[in-house]
Protein chains: 2
Amino acid sequence: MTAPNGRQADATGGDTVSAVVRQWQAVHPGLDTGPMEIIGRVNRCAALLQQAEDAPLRRAGLSRPEFDLLGALRRTGHELTPGDLARETFSSGAAVTKRLKQLTERGLVERRGDTRDRRVAHVRLTDAGREIVDGILPEQLAYETAVLSVLDQRRQGELAGLLGELLGQLEGRLGALRA
Amino acid sequence: MTAPNGRQADATGGDTVSAVVRQWQAVHPGLDTGPMEIIGRVNRCAALLQQAEDAPLRRAGLSRPEFDLLGALRRTGHELTPGDLARETFSSGAAVTKRLKQLTERGLVERRGDTRDRRVAHVRLTDAGREIVDGILPEQLAYETAVLSVLDQRRQGELAGLLGELLGQLEGRLGALRA
DNA sequence: AACAGGTGTTTTACCTGTAAAAGATAGCTG
DNA sequence: CAGCTATCTTTTACAGGTAAAACACCTGTT
């Protein structure tokens, strides 16, 4: 039970999180460690997936946040303001400013000022920008498909569904809880 | 369908990820967006949960990485070297060094050199360190329980199980895929 | 018209993480 | 035992994010 070297054992106890949970149980018996089994795993999956995920992006010299920004422009299909991009990519305005600076220098996006309201800028993909997104996306998705293929199709569907429910609820209520 | 303001609609389409997927489908019809529905959601859930999760920690003036480090010491129950801590918390050695510096200054951990091998250090919790972990952990878990309660018990179990399977596979194979 | 307050964006100062190199030490090998 | 290589940890240089302040500009009010 006390997994000697940190090596994994069977199905439900095969990840590092369950080993951590076992350790906590030994130190604080009876502790309700239920949340860890979800939150701990979500965090760890996110970390591992991002690491793996970045491989195809790196080849194009893009970080994931940069790709997210370009992707937002591509999938909406129209110009977005820096503020829109911040909302769309869930990052701060300041972060968007910095990324836009670099992406503009690399010629992947262009900006123009609004004619009516001179505070706002409109950002759009250049041809090079659109090409790079369209080139990477399929590779990216293929790579992700390969990574996820460790789970059979049915489980992938279940997982996607459950995560969607959780995320929908969190997005709706988190503001409420935080207040 | 094109959700006007970014507001969510029904059950399976209620999160931002499904809105993003719909946008991609409109631009690249037929694209296999399956992976996004898992990976995108995992990433976004992780981001939201961490944000929410930190609330009880902040009251104790700890960041999550700091708490993870202290937690590793607490749950293993014995001294760990910086290298052990890096492995245990999935962070780089350099990051551990920095965190240890701060935690030592705050009197939450102590270090002593190894007598045999003078390269290695051994880190342990001080009484104050142990108390802070034991004080926060229940609050932390209670908070997480509340956040997750948007999902009923059965779904939480299913989700934990699926994530465990995925994580177990990823931890086992990711090294292999990366090679 | 002047201004008060609000909004969109950028700047500043700072904090934390990383990769790569440096530093220090162990332990094998000829 | 001198030297080589491997290991553990820290340092350095730097990239990238954030919060808060600063800017620039709009808009409704008086």
Closer than 3.5 angstrom, by distance alone: can the side chain of A/Arg41 be matched with the main-chain N or O of A/Glu37 as a donor-acceptor pair?
yes

When all nucleic acid strands are considered with a 4.0 Å heavy-atom cut-off, which category describes A/Gly83: base, sugar-phosphate, or nothing?
sugar-phosphate

Atom CZ of A/Phe90 and atom C1' of D/dG17 are separated, to the nearest Å, by 17 Å

What is the separation between atom CD on A/Gln50 and atom P on D/dG17, rounded to the nearest whole Å?
12 Å

Please give, in whole Å, the distance from D/dT27 P to A/Asp114 CG?
10 Å

Interatomic distance where NZ belongs to B/Lys101 and C1' belongs to D/dT12 [whole Å]:
12 Å

So, OP1 or OP2 of C/dG17: does either fall under 4.0 Å of a side-chain N or O from B/Ser92?
no

Test item: B/Gln156 side-chain N/O and B/Leu148 main-chain N/O as donor-acceptor pair under 3.5 Å:
yes

Does this structure show an ion pair linking B/Arg111 with B/Glu79, if we count only N-O contacts that are shorter than 4.0 Å?
no

Rounded distance (Å) that lies between atom P of D/dG17 and atom CG of A/Asp68:
11 Å

What is the distance from NZ of A/Lys98 to P of D/dA19, rounded to the nearest Å?
12 Å

Length of the line joining B/Glu79:CD and D/dT9:P, which is rounded to integer Å
12 Å

The residue, A/Thr81 or B/Asp117, whose nearest nucleotide of DNA chain C is more 5′ is A/Thr81

Kindly say whether, by distance alone, the side chain of A/Arg119 makes a donor-acceptor pair under 3.5 Å with the base of C/dT7?
yes

Remember a base hit wins even if backbone is also touched, and classify B/Glu66 as base, sugar-phosphate or nothing at under 4.0 Å, heavy atoms.
nothing

Within the structure provided, determine whether A/Asp114 and A/Arg118 are in side-chain contact (heavy-atom separation under 4.5 Å).
no

Which one, D/dC26, D/dT10, C/dT9, comes nearest to the side chain of B/Thr97?
D/dT10

B/Arg116 CZ to C/dA26 C1', straight-line distance once rounded to whole Å:
13 Å

Pick the closest DNA chain D nucleotide for A/Arg118 and for B/Leu100 by heavy atoms, then say which residue is nearer the 5' end.
B/Leu100

Under 4.0 Å between a side-chain N or O of A/Gln102 and OP1 or OP2 of D/dG16?
yes

Answer yes or no: is there an ion pair linking A/Arg124 with A/Glu110, defined by an N-O contact shorter than 4.0 Å?
yes

Would one find a side-chain N or O of B/Arg111 under 4.0 angstrom from OP1 or OP2 of D/dT10?
yes

